[in-house]
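As structure tokens, the structure follows; a few thoughts come after it.
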Protein chains: 2
Amino acid sequence: MTARRQERPLTTSELAEPRVPRRREVIPEATVARLPLYLRALHALADDATQTISSEALAEAAGVNSAKLRKDLSHLGSYGTRGVGYDVQHLISQISRELGLSRRCSVVLVGVGNLGRALAGYGGFASRGLGIDALLDADRALTGEQIAGLTVRHVDDLAEVVVPGSIGVIATPASAAQTVCDQLVRAGVTSILNFAPTVLTVPAHVDLRKVDLSIELQILSFHEHRKSLAEGVTA
Amino acid sequence: MTARRQERPLTTSELAEPRVPRRREVIPEATVARLPLYLRALHALADDATQTISSEALAEAAGVNSAKLRKDLSHLGSYGTRGVGYDVQHLISQISRELGLSRRCSVVLVGVGNLGRALAGYGGFASRGLGIDALLDADRALTGEQIAGLTVRHVDDLAEVVVPGSIGVIATPASAAQTVCDQLVRAGVTSILNFAPTVLTVPAHVDLRKVDLSIELQILSFHEHRKSLAEGVTA
DNA sequence: ACGCGCTTGTGAACGCGCGCACAAAGTCAG
DNA sequence: CTGACTTTGTGCGCGCGTTCACAAGCGCGT
């Protein structure tokens, strides 16, 4: 009767116990990356007062394959109803809980340049559940400035605004990114989102993700280049 | 002797012809996504007047595995020298050529809100080779405004600024994204980078990439949430 | 000239993720 | 209650990408 990890076979006898709200199953990274997509689509549906939704329709709205969607949802154990579909509200709360969006978690943004301001003002930055709580910058000239309802503080005050579970966002120039990153780590931040075009080094226990605007553009440039080559060959 | 597509086996007899500067090999998508990384690291090395670099060192600088880097580079046929490494300048030109950065290609940005301004001002948006050429917005109040050295034009003038090979960047609110996307496609754009948090639909011949700022944050939130759960269990 | 050591290029194995296709399970009408 | 229809959950095969490990090559010192 102990809550052991679910095995592959998944016999009917195991399913016979539906009162296991917390299955500590490992969720594939690829699935995690899609959950926010589903969540957004679900919120849109909820706004339209939709009660239930089939995997087919939700997959369409999220722009993914329906089988993939079902497999993704099965990972977090939120069962739909066969012949009917998924309950929109229930699914929203399931995914929100899994993503840790239920309890609002703190986000601190360092670097109030062009990009930083854009992120701060990104109204639906993270539509529901996430939102920036603190703005910091190394430039003392910016300290005290009001942006998007927040007062810019100096980066040296980092330790004061960071709470356990805070997520750090780096929107500084590349030259300052590693320094800021180190400061964040020292302040106890274990999840960092980096917008600066640099490779950052962090301790093993820190999660680091990066968004590189220029790389995306270069990838498109590659494909565009390829197309023009193909045309040249065809012509 | 005709330039046919490279086949899987890739026998030694094929390699016996080294005078084929253009091998029309298919480059894996994952490799393409890393080329900009290598390029950036190489530019940094070139600025330090470094002549040659080993795969080990370059991999370190780019934050990837060295075997992966070697395999990536082998795809585009730019051979290094065994026992020495890769020639920095040569590699830069190889990668730049492959990415289509040699001839400057046009980028048009639609949506001059917070994010659009940030992108326009993103000095090293795409450090070398790429840069935004036109700013457009649906708000006539913004028309004529000077941002980052460019004059904002109305989105209806789209057809006038798009040239064959142009890349479109959507930085509008989600509600306007699909409309703008359709306009871009109609104007002949076949590569689009979408920053709006929406699923866009495009014809099959159009390449669409998306950057979703809030999704990245939610992924981090998930991991942070997981950590706190793990601690809870441990404690 | 010749071997020694360094570095590249790649064969092969492994693991992950995707998508098909189908059985299980539920709903609804009569 | 029964049977037909709908939709979920998932077993399975496939292809891509990553990594190890090593043979092939190249320069350099002697």
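Computed from a predicted structure; not experimentally measured. Naming: A, B, ... by sequence-line order, numbering from 1 per chain.
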Check nucleotides 19-21 of chain D against the protein and report each pair of N or O atoms closer than 3.5 Å, with its distance, or say if there are none.
{"unit_1": "D/dT19", "atom_1": "OP2", "unit_2": "B/Lys68", "atom_2": "NZ", "d": "3.3"}
{"unit_1": "D/dT19", "atom_1": "O4", "unit_2": "B/Lys71", "atom_2": "NZ", "d": "2.7"}
{"unit_1": "D/dA21", "atom_1": "N6", "unit_2": "B/Arg70", "atom_2": "NH2", "d": "3.4"}

Produce a footprint string for nucleotides 2-7 of chain D: one letter per nucleotide, 5' end first; B if the base is under 4.0 Å from any protein heavy atom, S if only the sugar-phosphate is, - if neither. ----BB
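With sequence neighbours excluded, no residue forms a side chain to side chain donor-acceptor pair (under 3.5 Å) with B/Gln89. Listed by chain and residue number, B/His90 satisfy the side-chain contact (heavy atoms from CB on, under 4.5 Å) test with B/Ser93 (two or more places apart in sequence, or in another chain).
Distance, A/Ile27 CD1 to C/dG17 P: 12 Å, rounded to whole Å. In this structure, CD of A/Glu56 is placed 14 Å from P of C/dA21, rounded to the nearest angstrom. Regarding B/Leu73, its CG atom lies at a distance of 9 Å from the P atom of C/dT8, rounded to whole Å. Whole-Å rounding puts the B/Leu91 CG to C/dT8 C1' distance at 13 Å. If you measure from atom CG of B/Leu69 to atom P of C/dT8, you get 9 Å, rounded to the nearest angstrom. D/dT18 atom C1' lies 16 Å from atom CD of A/Glu29, rounded to whole Å.
Considering every non-hydrogen atom in both B/Tyr38 and B/Leu58, the closest pair reads O-CD1, 4.4 Å. Residue B/Gln94 comes nearest to B/Leu76 through the heavy atom pair OE1-O, 3.9 Å, listed as atom of the first residue, atom of the second, then distance.
Axis orientation changes by 10° from one end of the helix from C/dA1-D/dT30 to C/dG30-D/dC1 to the other, with each end axis drawn from 5 pairs and the value rounded to 10°.
Summarising the geometry, atom CD1 belonging to B/Ile95 is positioned 10.0 Å from atom CG belonging to B/Leu101; distances are rounded to the nearest 0.5 Å. Atoms OG1 and NE2, on B/Thr31 and B/His75 in that order, are 4.5 Å from each other to the nearest 0.5 Å.
Looking only at distances, no side-chain donor or acceptor of A/Thr50 sits under 3.5 Å from a matching main-chain atom of A/Ala46. B/Thr81 contributes no side-chain N or O that, together with a main-chain N or O of B/Val84, makes up a donor-acceptor pair within less than 3.5 Å.
Salt bridge status for A/Glu98 with B/Arg226: present, with a side-chain N to carboxylate O gap under 4.0 Å.
The side chain to side chain contact (heavy atoms under 4.5 Å, CB included) test with A/Leu99 is passed by exactly one of B/His225, B/His223, B/Gln218: B/Gln218.
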Could you go through residues 179-199 of chain B and list every donor-acceptor pair under 3.5 Å that involves a side-chain atom there, pairing it with any protein atom two or more places apart or in another chain?
{"unit_1": "B/Asp182", "atom_1": "OD1", "unit_2": "B/Gln178", "atom_2": "NE2", "d": "2.9"}
{"unit_1": "B/Thr190", "atom_1": "OG1", "unit_2": "A/Glu224", "atom_2": "OE1", "d": "3.0"}
{"unit_1": "B/Thr190", "atom_1": "OG1", "unit_2": "A/Glu224", "atom_2": "OE2", "d": "2.9"}
{"unit_1": "B/Thr190", "atom_1": "OG1", "unit_2": "A/Lys227", "atom_2": "NZ", "d": "3.3"}
{"unit_1": "B/Ser191", "atom_1": "OG", "unit_2": "A/Glu224", "atom_2": "OE1", "d": "2.4"}
{"unit_1": "B/Ser191", "atom_1": "OG", "unit_2": "A/Lys227", "atom_2": "NZ", "d": "3.4"}
{"unit_1": "B/Asn194", "atom_1": "OD1", "unit_2": "B/Ala196", "atom_2": "N", "d": "2.9"}
{"unit_1": "B/Asn194", "atom_1": "ND2", "unit_2": "B/Ala196", "atom_2": "O", "d": "3.1"}
{"unit_1": "B/Asn194", "atom_1": "ND2", "unit_2": "B/Thr198", "atom_2": "O", "d": "3.4"}
{"unit_1": "B/Thr198", "atom_1": "OG1", "unit_2": "B/Ala174", "atom_2": "O", "d": "3.4"}

